[in-house]
Amino acid sequence: MTRKTRVRFAPSPTGPLHMGGVRTALYNYLFAKQRGGDFIIRIEDTDSQRFVPGAEKYIIEALNWCGIVPDEGVDAAGNVVETASERHPHAPYRQSQRKPIYRQYAEQLVENGFAYYAFDTAEELGAKRAEMEANGQTFIYGQTTRMGLRNSLAMPEAEVKELLETRTDWTIRFKMPENRVVKMDDLIRGHVEVNTSTLDDKVLWKRADELPTYHLANIVDDHLMEITEVIRGEEWLPSLPLHYLLYEAFGWTDTQPRFAHLSLLLKPDGKGKLSKRDGDRLGFPVFPLQWVNSEGEVSRGYREDGYFPEAFVNLLAMLGWNPGTEQELFTLEELVETFSLERVIKSGARFNADKAKWYNKEYLRKKSVGELTDLYMPILESKGITATREYVEKVVGLIQERATFVADFWDIASYLFVAPTEFVEKDVAKFWKEENYTLALQAADFIMNFEGEFTPEGLGAPLEEYIRGNEWPMGKVMNCLRLAMVGGSNGLGIADIVTLIGKEEFAKRIEYIKSKLC
Ligand code: GLU
């Protein structure tokens with residue numbers, strides 16, 4: 001029987017989600033949706049020492065912003081989302097709330113000889129480690145050392161029984177088989193084999209907090225939640241032999257998920273993993289949303305930096321995957337159709353900040369003037385600018401092609417809302433010469449007296465004809481007018497500017513520059 005595709009994104013709420021984590025969630029989501037399957041979010045919060053308040057909410061909000069919405073999991077308010085499993089519920093989705101589930105599984109492994117109780121204290125283990133290191137050896141709790149340590153394999157049964165009852169700091173460890181070759185398959189990396197001789201006996205469950213460790217909780221939950229594929233970061237590849245052996249020990253190999261380990265996102269120079277600290281250091285965000293830590297330090301987010309979620313999703317999708325064609329722009333729906341794990345690259349994907357901006361510019365170009373106006377109006381309001389929507393729409397229409405972010409609109413054309421009070425010195429030196437500005441002032445009169453249609457098209461050609469007809473230098477005259485309108489020589493066409501700001505404002509600006517520079 002073929003099973004319904006069910007994949008999960010399983011973040012630990014130990015801090016904000018790095019963009020690499022969002023990519024993992026995205027690939028899971030695309031994989032599930034392409035197959036009509038379920039995408040599940042499971043919060044792996046069994047490590048209370050690394051728990052960071054607010055991180056879970058942040059993660060869910062970040063995924064929501066990207067449009068990566070789960071069929072099962074938790075929402076940003078912390079409520080259970082379970083649209084996919086009405087007839088077969090899998091909640092809760094937070095491992096801390098699943099606490100009572102895990103112990104029986106750990107005990108089952110002990111009973112069947114796949115795990116054992118360990119009583120060594122942290123001090124005892126520290127002393128053992130120090131002793132071995134002094135002899136130039138490295139300590140691992142495993143096949144070569146376990147019989148010399150304090151556990152149920154090495155100690156008499158009666159003592160074990162007593163310690164289990166009297167102490168509350170014991171653990172259950174996996175008994176790594178000796179000298180076995182674990183044969184594994186990865187959907188991205190292909191066949192992998194590892195000999196167990198170098199692997200340690202990982203702790204699976206802790207009596208102290210009655211909580212499982214990552215490995216046990218992850219395998220038990222993937223099984224109970226009927227996960228069919230595990231798509232996750234390559235940092236989990238070293239754990240894969242243990243995970244295979246756990247499925248085997250539980251007798252769950254028939255329904256064991258298939259695995260796909262994604263390569264890392266690399267720094268722009270390709271040297272090493274893109275880390276949480278790189279963004280602020282190298283001048284781009286590494287987090288989807290802004291994050292403020294407990295010390296009040298702010299890390300940039302793509303959302304607050306002005307990226308559109310569609311652009312962010314698109315650029316993430318292309319970091320490590322390609323469609324095999326020249327196409328670079330994909331909506332989420334198109335990605336669902338096109339994505340395949342077969343085309344995910346094995347090597348690390350290098351992040352390119354310029355390319356990220358390029359994506360945003362492309363998406364900005366595709367937006368409607370109305371949508372961009374909605375986004376720009378509040379920015380104008382925050383600057384104390386009052387302008388009609390109709391006016392702002394005209395401005396946006398004129399400058400949309402030049403901007404990468406909506407916030408650029410202001411830098412590109414603030415002069416369409418406020419008159420310049422200063423003039424760029426080098427432009428003044430270059431253009432504001434008497435022989436030019438006397439002509440420009442005559443051209444200004446032409447504009448003031450112009451009686452045709454006062455639109456960019458209506459005014460543009462007659463103005464140019466007038467200047468050309470007089471055999472005046474077009475560039476110099478226009479740049480003098482632009483200086484008056486903009487404060488510098490960079491800006492939109494004169495006809496565009498004056499027909500927007502209107503004759504009255506135009507005249508004021510001409511008078512102002514005359515008062516300052518003539
Ligand atoms: N909780 C793990 C993490 O934070 C999940 C790894 C997995 O997907 O198995 O990355």
- Query: Angle class for the Trp321/Phe330 ring planes (parallel below 30°, perpendicular above 60°, tilted otherwise)?
  - Reply: perpendicular

- Query: Between Phe450 and Phe454, what is the ring plane arrangement, given parallel below 30°, perpendicular above 60°, and tilted in between?
  - Reply: tilted

Suppose we call two aromatic rings close when their centres sit under 6.0 Å apart. Are [X] and [Y] close by that rule?
X	Y	value
Tyr27	Phe339	yes
Trp410	Tyr376	no
Tyr391	Phe417	yes

Does a side-chain heavy-atom distance below 4.5 Å link [X] with [Y]?
X	Y	answer
Lys57	Glu61	yes
Leu17	Leu63	yes
Trp291	Val52	yes
Phe287	Val22	no
Glu234	Leu264	yes
Leu332	Tyr29	yes
Met184	Arg189	no
Phe308	Asn360	yes

Is [X] salt-bridged to [Y], cutoff N-O under 4.0 Å?
X	Y	answer
Glu505	Arg509	yes
Arg42	Asp222	yes
Lys514	Glu511	yes
Glu328	Lys355	yes
Arg389	Asp374	yes
Asp496	Lys394	no

- Lys516 atom NZ, neighbour heavy-atom count above 12 within 6.0 Å: no

- Above 12 or not: heavy atoms from other molecules or residues under 6.0 Å from CZ of Arg343? yes

- Could you state the interatomic distance from OG (Ser12) to CD1 (Ile59), rounded to the nearest 0.5 Å? 8.0 Å

Under 3.5 Å, sequence neighbours excluded: what are the donor-acceptor pairs made by side chains of residues 265-274?
residue, atom, partner, partner atom, Å
Lys267, NZ, Lys273, O, 3.2
Lys267, NZ, Asp278, OD1, 3.3
Lys267, NZ, Asp278, OD2, 2.8
Asp269, OD1, Lys271, N, 2.8

For [X] versus [Y], what's the shortest heavy-atom pair and its separation?
X	Y	value
Leu500	Val395	CD1-CG2, 4.0 Å
Leu481	Phe506	CD2-CZ, 4.5 Å
Phe409	Gln400	CE2-CA, 4.3 Å
Ile513	Leu483	CD1-C, 3.9 Å
Phe312	Met19	CZ-CB, 4.1 Å
Trp472	Ala443	CZ3-N, 4.2 Å

- With sequence neighbours left out, what residues match Arg94 under side chain to side chain contact (heavy atoms under 4.5 Å, CB included)? Ile43, Asp45, Glu56, Val74, Ser96, Gln97

- How would you list, by chain and number, every residue that makes a side chain to side chain contact (heavy atoms under 4.5 Å, CB included) with Asp305, sequence neighbours excluded? Pro285, Arg300, Tyr307

- Please step through side chain to side chain contact (heavy atoms under 4.5 Å, CB included) for the pair Ile510 and Met448, ending with a clear verdict. CA-CA 11 Å; Ile510 293 290; Met448 287 304 291; over 6 Å; no

- Message: Determine whether Arg402 and Asp408 satisfy the following criterion, side chain to side chain contact (heavy atoms under 4.5 Å, CB included), listing intermediate values before the conclusion.
- Response: CA-CA 9 Å; Arg402 303 177 179 218; Asp408 294 347; over 6 Å; no

- Between Val230 and Trp236, is a side chain to side chain contact (heavy atoms under 4.5 Å, CB included) present by the stated rule, with each step listed? CA-CA 11 Å; Val230 168; Trp236 299 106; over 6 Å; no

Checking the side chain of [X] only, and the main-chain atoms of [Y] only, is there a donor and an acceptor separated by less than 3.5 Å?
X	Y	value
Asn449	Asp445	yes
Lys476	Glu435	no
Thr228	Thr5	no

- Message: Checking Glu362 against Arg365 for the salt bridge (charged side-chain N to carboxylate O under 4.0 Å, His left out) test, could you report, in this order, the C-alpha distance in whole Å, the side-chain angles of both residues, the deciding distance, and whether it holds?
- Response: CA-CA 5 Å; Glu362 290 297 314; Arg365 285 177 62 188; 3.6 Å; yes

- Between the side chains of Tyr93 and Glu82, does any donor sit under 3.5 Å from an acceptor? yes

- If we ignore angles and hydrogens, is there a donor and acceptor under 3.5 Å between the side chains of His90 and Arg8? no

- Task: Evaluate salt bridge (charged side-chain N to carboxylate O under 4.0 Å, His left out) for Lys366 paired with Glu310, printing each intermediate quantity in order.
- Result: CA-CA 11 Å; Lys366 293 209 273 183; Glu310 309 92 299; over 6 Å; no

- Message: Could you walk me through whether Asn490 and Val486 satisfy the side chain to side chain contact (heavy atoms under 4.5 Å, CB included) test, starting with their C-alpha distance in whole Å, then the side-chain angles of each, then the deciding distance to 0.1 Å, before giving a yes or no?
- Response: CA-CA 8 Å; Asn490 279 330; Val486 177; 5.9 Å; no

